[in-house]
Amino acid sequence: MNRLIVFFLTSLFMFSCGSQLSMDTDDMLKLSGRDRLPTQADFPDDGAVVLYEDTESRLYLDSEWEVNVETSYHIAVLYLNDKAETGWATREIYLSDEMILSDFSARTIKANGEIIPLTKDDLHPTKLIDGADQISHEKSVKFVFPGVEPGAILEYSFTINDQGWFVGDIWFIQKDIPVLYTKYTMEIPTIFFKYKNNWTYSTNAIQLGEPQVLKNILTERSEKDQSRIFYWEITDIPAFEDEPNAPPYFDIAQYVRYDIKYKDWNELTEGYWKSLIPKFSDSDKPDIQQLAKDIIGDAEDEQTKIERIFAYTQKNFRYISTSIRRSGYIPNTCDQIIKNQYGDCKNMTVLNVNLLRAVGIEAFPALVATKSLGTIRKDITSISMFNHMIAYVKTCLLYTSDAADEED
């Protein structure tokens, strides 16, 4: 095991393996209204069934008064046949630079009642960006359940503390296998309401009433924060079937998108733009103006100037998607980007817009979605509906880089 993997395990994971799984299988079944475990005959076309899923999200303010989220998951899956081998017998947890994994527990409960627990040695961190160790520790953690056989229950739980900039999240209700019971809880400290940071949600392909209010405080921390706790419970959710030529998942699957409540899109974008203004204010700097003049050379018409600036940034700067603290949504300055010689779509946009403005061409940053992330709705406003930023030039032309299809 190399030093980087050791760093992952000691610095970003805080284990307490085997201590979190306490719910009895009979109690799980009661929640879904069943008195026995399902069999293959009950679900002849499926490789597994989710018996129980509990997701608890807690919003909180960090020391810089930014909104963070801590989410705990507890999932139990009944394994039926090898159709579920890849997707459910082997699991993967994604972790960005801002995420800390803790309280991991997992076990296989075999059909005869034998319990086989997993330990931290069963977790295998994997880097997602090879060759970028100095700028990102983005990774996933994989684990494989032991002793998997028809009739076994694969149960696991963990907590992720996401210390990045909160831009909403999604509760995925529907999965590729049936779900017997799922519960989602949102915990919001009273201080959020004091500062008008309420929350809102939008459903897709499912009818849900208003969430229920939990009157009994869950934890000592909840009691200290005088939290308001909301939750939904749903049973008997059919598997999502991905048919040939079907619409994108985000258009037809059952899920709930939630975020901080804004009055409208203008309020959201105005707040976001305030964070971006310093990054797009370097066009008057002498070094940026000189660089822009050197790039355009003898070009006189606007189109040639634009083409040369975009060609320069494409050739001389490496496109790397990074997400460290707020950098998932807040780019670096021009000086930092030029020094690094790399950046993601936001950084490339900062560089292009400032260079264009330095030679008198009107340009702006623009958020776009390069893949379906769900229909943009009037009942919720969220930056999470966009995954890419480009430079918009106020002419008849719209320019993007070769990396325009990269997810960011």
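Because the structure is a prediction, the values reported are computed rather than measured.
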J.: Evaluate the ring planes of W232 and Y201, with Trp represented by its six-membered ring, and classify them as parallel (under 30°), tilted (30 to 60°) or perpendicular (over 60°).
T.: perpendicular
J.: State, with a plain yes or no, whether a side-chain heavy atom of V350 is found less than 4.5 Å away from one of N354.
T.: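 A side-chain contact exists here, since the closest heavy-atom pair is under 4.5 Å.
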J.: Assess whether atom CD of E243 is packed by more than 12 heavy atoms of other residues, nucleotides or ligands within 6.0 Å.
T.: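 Atom CD in E243 is not packed in, count stays at 12 or less.
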J.: Given side-chain contact (heavy atoms from CB on, under 4.5 Å), test D242 with Y249 step by step and report yes or no.
T.: CA-CA 8 Å; D242 189 11; Y249 174 86; over 6 Å; no
J.: S140 and E92: which non-hydrogen atoms are nearest, and at how many Å?
T.: OG-OE2, 2.6 Å
J.: Any chance the rings of Y184 and Y258 have centres within less than 6.0 Å?
T.: yes
J.: Would you find a donor on one side and an acceptor on the other, under 3.5 Å apart, between the side chain of Q163 and the backbone of M99?
T.: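 Such a contact is absent between Q163 side chain and M99 backbone.
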J.: Under the side-chain hydrogen bond (donor to acceptor under 3.5 Å, both in side chains) test, which residues partner E267, sequence neighbours left out?
T.: none
J.: Between atom CG of D62 and atom CG of N68, what is the distance when rounded to the nearest 0.5 Å?
T.: 4.5 Å
J.: So do the side chains of L351 and C334 get within less than 4.5 Å of each other, counting heavy atoms only?
T.: yes
J.: Give the minimum heavy-atom separation between V359 and K305, together with the two atoms involved.
T.: O-NZ, 4.4 Å
J.: With a 4.0 Å cut-off, would you call D335 and K285 a salt bridge?
T.: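 Salt bridge between D335 and K285, a charged N being under 4.0 Å from a carboxylate O: yes.
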J.: Is the shortest heavy-atom distance from the side chain of N81 to the side chain of F43 under 4.5 Å?
T.: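 A side-chain contact under 4.5 Å is absent here.
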J.: Looking at D122 and K142, is any side-chain nitrogen of the basic one under 4.0 Å from a carboxylate oxygen of the acidic one?
T.: no
J.: Answer yes or no: does atom CD of E241 have more than 12 heavy-atom neighbours from other residues, nucleotides or ligands under 6.0 Å?
T.: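 No, because the 6.0 Å sphere around CD of E241 holds 12 heavy atoms or fewer from other groups.
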J.: Give the intermediate values and the outcome of side-chain contact (heavy atoms from CB on, under 4.5 Å) for residues I100 and L95.
T.: CA-CA 7 Å; I100 297 176; L95 296 170; over 6 Å; no
J.: When rounded to the nearest 0.5 angstrom, what is the spacing between OH in Y392 and OG1 in T349?
T.: 14.5 Å
J.: Show, in sequence, the C-alpha distance, side-chain angles and deciding distance for Y52 and M23, and conclude whether the side-chain contact (heavy atoms from CB on, under 4.5 Å) test is met.
T.: CA-CA 10 Å; Y52 172 87; M23 179 170 283; 3.6 Å; yes
J.: Would you name the heavy atoms of A89 and Y79 that are closest together and state the gap between them?
T.: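 That would be CB-CE1, 4.5 Å.
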J.: Under a 3.5 Å cutoff, is there a donor and acceptor pairing between the side chains of E56 and H74?
T.: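 Not at all, the side chains of E56 and H74 share no donor-acceptor pair under 3.5 Å.
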J.: For K261, I'd like to know if atom NZ has over 12 heavy atoms of other residues, nucleotides or ligands within 6.0 Å.
T.: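 Incorrect, the count does not exceed 12.
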J.: Look up atom CG in L101 and atom CG in D162, then write down how far apart they are to the nearest 0.5 Å.
T.: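 Output value for this atom pair is 12.5 Å.
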J.: If only atom types and distance count, is the side chain of R34 paired as donor or acceptor with the main-chain N or O of K30 below 3.5 Å?
T.: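 Side chain of R34 to backbone of K30: no pair is present.
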J.: Which of these, L355, T333, I337, V353, sits in a side chain to side chain contact (heavy atoms under 4.5 Å, CB included) with D282?
T.: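 Among L355, T333, I337, V353, the one that satisfies the side chain to side chain contact (heavy atoms under 4.5 Å, CB included) with D282 is T333.
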J.: Rounded to the nearest 0.5 Å, what separates atom CE in M28 from atom CG in D54?
T.: 10.0 Å
J.: Looking just at side-chain N and O atoms, do N340 and Q336 make a donor-acceptor pair shorter than 3.5 Å?
T.: no
J.: When you measure from the centre of the six-membered ring of Y231, is the NZ or CZ of K183 under 6.0 Å away and within 45° of the axis?
T.: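 Yes, a cation-pi geometry.
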J.: Side chains of E155 and I109: closer than 4.5 Å at any heavy-atom pair?
T.: yes
J.: Report yes if some heavy atom in the side chain of V179 is under 4.5 Å from a heavy atom in the side chain of I173; otherwise report no.
T.: no
J.: With no hydrogens and no angle check, just 3.5 Å: does a side-chain donor-acceptor pair link N161 and Y60?
T.: yes
J.: Could you tell me whether the side chains of S227 and E187 share a donor-acceptor contact shorter than 3.5 Å?
T.: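 Yes - a donor-acceptor pair under 3.5 Å links their side chains.
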J.: With a 4.5 Å cut-off on side-chain heavy atoms, are R257 and Y255 touching?
T.: yes
J.: Whether the D236 and S32 side chains hold a donor-acceptor pair (N or O, under 3.5 Å, no angle test) is what I'd like checked.
T.: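 Side chains of D236 and S32: no pair found under 3.5 Å.
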J.: For a 4.5 angstrom cut-off between non-hydrogen side-chain atoms, does S105 reach Y156?
T.: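 No, side chains not in contact.
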J.: Do side-chain atoms of Q40 reach the backbone of D46 as a donor and acceptor pair under 3.5 angstrom?
T.: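 Answer holds: yes.
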J.: Taking all atoms of both residues into account, what is the closest heavy-atom pair of S275 and P278, and its distance?
T.: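 Result for this residue pair: O-CD, 3.7 Å.
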J.: When you compare the side chain of I296 with that of Y312, does any pair of heavy atoms fall below 4.5 Å?
T.: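 No, their side chains stay 4.5 Å or more apart.
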J.: Compare every heavy atom of D259 with every heavy atom of S382, then report the nearest pair and how far apart it is.
T.: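 Heavy atoms of S382 and D259 come nearest at OG-OD2, 2.7 Å.
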J.: Which word best sums up how the rings of F172 and F250 line up, parallel for under 30°, tilted for 30 to 60°, or perpendicular for over 60°?
T.: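 F172 vs F250 ring planes: perpendicular.
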J.: Could you check whether T159 and S102, counting side-chain N and O atoms only, form a donor-acceptor pair closer than 3.5 Å?
T.: no
J.: So which atom in W171 and which in L208 form the shortest heavy-atom distance, rounded to 0.1 Å?
T.: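 For W171 and L208, the tightest heavy-atom pair comes out as CZ3-CD1, 4.3 Å.
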J.: State the CG-CD1 distance between L268 and I260, to the nearest 0.5 angstrom.
T.: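 Answer rounded to 0.5 Å: 11.0 Å.
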J.: Under 3.5 Å, is there a donor-acceptor pair between the N204 and Q254 side chains?
T.: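 There is no such pair (donor and acceptor under 3.5 Å, judged by atom type) between the side chains of N204 and Q254.
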J.: Please confirm whether R357 makes a cation-pi placement over F364, using NZ or CZ under 6.0 Å from the six-membered ring centre and within 45° of the ring normal.
T.: yes
J.: Scan side-chain atoms only and decide if N352 and T313 contain a donor-acceptor pair under the 3.5 Å cut-off.
T.: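 On atom types as modelled, these side chains qualify, holding a pair under 3.5 Å.
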J.: Is K346 paired with D344 through a side-chain N to carboxylate O contact shorter than 4.0 Å?
T.: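 Salt bridge present between D344 and K346.
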J.: Would you check, one step at a time, whether the test side-chain contact (heavy atoms from CB on, under 4.5 Å) holds for F166 with L59?
T.: CA-CA 9 Å; F166 180 71; L59 297 182; 3.8 Å; yes
J.: Please confirm whether the backbone N or O of A76 pairs with a side-chain atom of E53, one donor and one acceptor, at under 3.5 Å?
T.: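 Checking the backbone N and O of A76 against the side chain of E53, no donor-acceptor pair under 3.5 Å is found.
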J.: Salt bridge (charged side-chain N to carboxylate O under 4.0 Å, His left out), that's the test. Do D42 and R36 meet it? Break it down for me.
T.: CA-CA 11 Å; D42 297 313; R36 65 170 178 83; 3.0 Å; yes
J.: As an exercise, state the distance from CG of L29 to CG of L180, rounded to the nearest 0.5 Å.
T.: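 Going from CG on L29 over to CG on L180, the span is 7.5 Å.
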